[in-house]
2 protein chains.
Amino acid sequence: MKKITMQDVAEQAGVSPKTVSRVINNEPRVSESTRKKIQQIIDELDFQPNKSAQSLAADRSLLIGLLYDNPSSAYITNLQAGVLDTCYQFGYGLVIHPCQNDTPDLLPKLRNLLASSRMDGLVLTPPMTENQELLDFLESTDTPYVLISPLDDARTCPIVSLDDVSATKQSIQHLIDFGHRRIGFILGTRQRSGSEMRFLGYKQALEENNVSFDESLVVQGDFTFDSGVVAAQQLLRHETPPSAIFASNDYMAAGVMKAAAQLRIPIPYELSLCGFDDTPLAMYMTPTLTTVRHPVEQLAREAGELLIRQLKKYLQPFKPEELQSKLIIRDSTGPVNK
Amino acid sequence: MKKITMQDVAEQAGVSPKTVSRVINNEPRVSESTRKKIQQIIDELDFQPNKSAQSLAADRSLLIGLLYDNPSSAYITNLQAGVLDTCYQFGYGLVIHPCQNDTPDLLPKLRNLLASSRMDGLVLTPPMTENQELLDFLESTDTPYVLISPLDDARTCPIVSLDDVSATKQSIQHLIDFGHRRIGFILGTRQRSGSEMRFLGYKQALEENNVSFDESLVVQGDFTFDSGVVAAQQLLRHETPPSAIFASNDYMAAGVMKAAAQLRIPIPYELSLCGFDDTPLAMYMTPTLTTVRHPVEQLAREAGELLIRQLKKYLQPFKPEELQSKLIIRDSTGPVNK
DNA sequence: AACATAAATGACAGCGCTGTCATTTAAAAT
DNA sequence: ATTTTAAATGACAGCGCTGTCATTTATGTT
């Protein structure tokens, strides 16, 4: 069973290989009739263009890279699934590249990866999206890229975003609706725009509901479980402790749950708790966690499409659709206990 | 800044391109002196062979595929990290392919993937490792593959394994050492060799310690959280309930924890609990979960190496090293409460 | 020293596509 | 009908490697 080449298709169709190539690449300047005829033969023969030959001849790898620093593995697999989906659709391959944003050899490694895999473009996720040095490097090497990042109007490069501000507002509103007025807030790592956005959402929600902002109810975390434990201890030992806590991600929320268990504060009866991100974890905790779910896969799909449409000639550019995060109400939140 | 080709290296070194090619591919029949000289020039020029050209000329893609069905995302990312590591080392690329083992279009999809990406070989993980139809297909298309799978002496194909039997024995021994005699066991999905192995380990540990085997302490689960809840409820309502429970994975253990919380049975005081797999979850539960940690990344690294060494000429075949799972003792297990 | 043998190297074609540019064919304009 | 202009198609080289096989050089043998 020998391989079918473009030559074979061309012969069958009675045209030159170049015309077949045109059909495959969606080039214009092919008459509708020939296009249809050739397409039919391609289908019939189940012809798949040889990627290596395409890459070599056209000097593009048909590969895009996905860079991420391990936030959570569930997030990563969703991300991958989304980008893969797009890749598959457009005949691209995906090179995944886990990295550590804060190590000095990230750039050399990436440079090396780019040189050896010749990726046509990159999809970046936080925190790499905030790594200016990295972005500058990509600019300097003319590597196309798109960012997946919290909404931030300051950015001008290709980007797909989620609105963390309004997602957080929703959560806080949910707590306020339950009668909570003293709502603790655990910040994520500063310098991450996501953290700032969430904090902003918190403040806005309070303001809109005429709940006074109390600085002492805001404590710093760093997105880790342990920091959640510490932050919760601090909040819960407050002289007038909050009746609800919003943690800037689920891991910290899990930490809060641990701290609450240690202090024998039953959730949701004496303390309501909101997480952020809807990690699988959220379903497995006792009680299950009220949190915010992001359409990560869909977002990644859009990022991929944005990138690939930028890369391929003869394709319309892509206008990503606004995607919404969603509050998932579970058992960790309830009416305030007067 | 133009690209450096083999031609450039050859000229610099005063040899033919073919000789440079020989050096790059580790072929024999190159004198040590020329090899060294060429290697030096390669380093100097930072020459990276063009993968597309290599693939096209040699008719191999320099790509290997990783097939998995979503067991847990943490597992997947570890897996990927390991295989990537090997790929990187040998200049291979990795094509990830999440699949759903139980859907009928798995094979067509895979066939398509193979045709379009021309992967040189595959790494398979459970449950695909047990999908005979899939394996037959690979055999029939002469696609090299290796399995990552629980130890099972019946298999003859290339495989890297972990010994689930002895890992489980260790856990049960741990419980027995704490004085537990009535130990509940929650089975995983039948037909998964891992489940059988774990059950075997359980029975062996009991026997070795002269603890009688009580069939009523064994209940069926299916690796999901919910099945763990149900199984635990059944066990804990037993007329003489177990003082300890071993769940065949962490998700089910989490379910047990939930059931225990509902029944107000404090862990570990009135019930000890062992999980399996050391999902990140295990650290985040309250109490933290005693479980078994597998060297997944290392295992994946070995699988990759086993595969690649099989693919590349001029390489020694690889004899994987035996890897050991390890019991991680945390807060969910304790002395039996008499 | 002359030959046989093995090791090291090179010449050359070609892998399967696509870019460039020339050529043919159809449509529009006169 | 004839010329002008645009659309459709084709010829051909070459992307950067590697496989094959011929050739050169070193090594060993008598």
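Protein chains get the first letters and strands the later ones, always in sequence-line order, with residue 1 at the start of each. No experiment lies behind these values; they were computed from the predicted model shown.
- Positionally, the nearest nucleotide of DNA chain D for Pro17(A) lies more toward the 5' end than for the other of Ser52(B) and Pro17(A).
- Note on Thr19(B): every side-chain N or O is 4.0 Å or more away from OP1 and OP2 of dT9(C).
- Across all strands shown, Asp59(B) has no heavy atoms under 4.0 Å from either base or sugar-phosphate atoms.
- The separation between Leu56(B) atom CG and dG16(D) atom C1' is 9 Å, rounded to whole Å.
- At least one side-chain nitrogen or oxygen of Thr34(A) sits closer than 4.0 Å to the OP1 or OP2 atom of dT9(D).
- Using a 4.0 Å cut-off, some side-chain N or O of Gln54(A) falls inside it from OP1 or OP2 of dT18(C).
- At whole-Å resolution of the value, CG in Leu62(A) and C1' in dC17(C) are 11 Å apart.
- Between Lys51(A) atom NZ and dC17(C) atom P there is a gap of 12 Å when expressed in whole angstrom units.
- Residue contacts shown for Pro49(A) are limited to sugar-phosphate atoms, with no base heavy atom under 4.0 Å away.
- Taking 4.0 angstrom as the limit, Ser16(B) places none of its side-chain polar atoms (N or O) nearer than this to OP1 or OP2 of dT9(C).
- Under 4.0 Å is where a charged nitrogen must lie from a carboxylate oxygen, and between Asp46(B) and Arg111(A) no such pair does.
- Protein atom CD of Glu27(A) is 15 Å distant from nucleotide atom P of dA7(D), rounded to whole Å.
- Here Arg301(B) does not pair with Glu305(B) in a salt bridge; the nearest charged N to carboxylate O distance is not below 4.0 Å.
- A distance-only check finds no donor-acceptor pair linking the side chain of Asn101(A) to the backbone of Asp69(A) [under 3.5 Å].
- The CZ atom of Arg29(B) sits 15 Å away from the C1' atom of dT23(D) (whole-angstrom rounding).
- Phosphate proximity of dT9(D) to Ser31(A): present, with a side-chain N or O under 4.0 Å from OP1 or OP2.
- A salt bridge between Asp120(A) and Arg60(A) is absent, with no side-chain N of the basic residue lying under 4.0 Å from a carboxylate O of the acidic one.
- Straight-line distance from the CD atom of Glu11(B) to the C1' atom of dG10(C): 15 Å, rounded to whole Å.
- The side chain of Arg22(A) lies closest to dG10(D) when the candidates are dG10(D), dG10(C), dG14(D).
- The nearest whole Å value for the distance from the CG atom in Asn25(A) to the C1' atom in dT20(C) is 15 Å.
- With hydrogens and angles ignored, a donor-acceptor pair under 3.5 angstrom links the side chain of Lys18(A) to the base of dG19(C).
- Contact annotation: Thr5(B) does not reach the phosphate of dC15(D) (side-chain N/O to OP1 or OP2, under 4.0 Å).
- Summarising the geometry, the separation between CD1 on Ile4(A) and P on dG16(C) is reported as 12 Å, rounded to the nearest angstrom.
- Proximity note for Val30(B) (side chain, C-beta onward) versus dT18(D), dG16(C), dT9(C): the nearest is dT9(C).
- Gln12(B) and Glu44(B) share no donor-acceptor pair across their side chains, judged by distance under 3.5 Å alone.
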